[in-house]
Amino acid sequence: MTYIIRRSGDILLSEGIFLIILGLIMIYLSQTTTVILAFLLSAGLVFVGIYRIINSIIIRKEIASPFLSVMSGLLLFVIGLYLIFHPIFNTLVLTVAAAVYFILESVTSFSSAIFSRGFKQIFWVSLFAGLIQLFLSIIIVLGLPYTAIWFVGMLLGINFIFAGISSISGYSYLKSIWN
């Protein structure tokens, strides 16, 4: 049992350090981070669209409406291409997606805080992380569209730092158990 707790603690510590370093890099290169994430989103849509089209054609006899499946793949492909060739709009889409992500992350952190009320250290860290994530989502929404090019990268970096701190806090708690 102690081995499992130590192994989990080591994983949490490694994850926390990695997330903090990655978060600092993302903050330092916030414009680059935003553009890269926007491009990856677009490229992902293109590849998923191509996959869906090919897959729909291959399994057309097994699915109820292959035409609709091909059309949805074509729609994903076209949207992905549009976003690749319109980077400003792409960053706005990514900004809105980041705001939704932070709102969902804050709900998750608040839930974690509620379920860990008996463990004061984890409770306060989760509550603080949830407040920061909610605050970040509000900043994103209020800053649209002017700060979209660099703000998403910075906010994601900040979120990664706090997620890393939360993981290291979990490690600290587990370490207190095995000592």
Side-chain angles (χ1 to χ4, degrees), residues 1-45 48 83 87-179:
M1 180 68 168
T2 306
Y3 171 75
I4 294 171
I5 293 174
R6 285 182 191 225
R7 179 132 170 91
S8 298
D10 292 342
I11 291 170
L12 281 174
L13 178 62
S14 301
E15 176 184 299
I17 292 169
F18 176 73
L19 287 172
I20 289 172
I21 291 169
L22 190 59
L24 290 171
I25 291 169
M26 291 173 87
I27 289 171
Y28 182 71
L29 302 171
S30 60
Q31 289 179 344
T32 305
T33 300
T34 302
V35 172
I36 288 171
L37 289 173
F39 178 78
L40 289 175
L41 170 71
S42 304
L45 289 175
V48 168
L83 291 175
I88 302 293
F89 181 72
N90 193 351
T91 57
L92 287 173
V93 169
L94 184 60
T95 303
V96 172
V100 170
Y101 166 76
F102 283 127
I103 289 170
L104 295 175
E105 278 290 311
S106 69
V107 169
T108 302
S109 293
F110 289 139
S111 297
S112 175
I114 289 170
F115 288 119
S116 63
R117 284 184 301 231
F119 308 106
K120 294 210 181 286
Q121 182 180 11
I122 295 173
F123 170 77
W124 288 111
V125 170
S126 295
L127 184 64
F128 184 67
L131 289 171
I132 293 296
Q133 291 159 339
L134 184 61
F135 178 69
L136 292 175
S137 66
I138 291 169
I139 289 174
I140 288 175
V141 171
L142 295 178
L144 285 173
Y146 306 108
T147 56
I149 189 69
W150 60 271
F151 215 53
V152 171
M154 181 188 298
L155 291 177
L156 285 172
I158 292 169
N159 186 54
F160 274 48
I161 289 171
F162 279 100
I165 291 170
S166 180
S167 291
I168 291 173
S169 173
Y171 163 77
S172 173
Y173 175 73
L174 288 177
K175 188 175 179 185
S176 71
I177 289 175
W178 79 61
N179 283 337

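Throughout, numbering of the chain's residues begins at 1 and tracks the sequence.
- Proximity of a side-chain donor or acceptor of Ser14 to a complementary backbone N or O of Asp10 within less than 3.5 Å is detected.
- Counting only heavy atoms from C-beta outward, the side chains of Phe110 and Leu131 approach each other to under 4.5 Å.
- Separating the CD1 atom in Ile36 from the CG atom in Leu94 is a distance of 11.5 Å, to the nearest 0.5 Å.
- Using a 4.5 Å heavy-atom threshold, the side chains of Leu156 and Phe102 count as touching.
- Within a 6.0 Å sphere centred on CD1 of Ile88, heavy atoms belonging to other residues, nucleotides or ligands number 12 at most.
- The two residues Val93 and Leu41 come nearest to each other via the heavy atoms CG1-CD2, 4.2 Å.
- Between atom CZ of residue Phe135 and atom CZ of residue Phe128 there is a gap of 10.5 Å, rounded to the nearest 0.5 Å.
- Scanning both residues, Thr91 and Ala148, for their nearest heavy atoms gives O-CB, 4.2 Å.
- With hydrogens and angles disregarded, no donor-acceptor distance shorter than 3.5 Å links the side chain of Ser169 to the backbone of Ile165.
- Remark: Leu24 CG to Ile158 CD1 distance equals 10.5 Å, nearest 0.5 Å.
- To the nearest 0.5 Å, the span separating OG on Ser106 from CD1 on Ile132 amounts to 11.5 Å.
- Expressed to the nearest 0.5 Å, how far CZ of Phe151 lies from OG1 of Thr33 amounts to 14.0 Å.
- Here the closest heavy-atom approach between residue Gln133 and residue Ser109 is recorded as OE1-OG, 2.8 Å.
- Between the Ser172 side chain and the Ile168 main chain, no donor and acceptor come within less than 3.5 Å of each other.
- The CG atom of Leu37 sits 10.5 Å away from the OG atom of Ser42 when rounded to the nearest 0.5 Å.
- The two residues Leu92 and Leu144 come nearest to each other via the heavy atoms CD2-CD2, 4.1 Å.
- The two atoms that bring Gly157 and Met26 nearest to each other are CA-CB, 3.7 Å, heavy atoms only.
- When each of Leu134, Ile140, Val141, Ile139 is tested with Ser137 by the rule side-chain contact (heavy atoms from CB on, under 4.5 Å), just one qualifies, namely Leu134.
- The closest side-chain heavy-atom distance from Leu127 to Ile114 is not below 4.5 Å.
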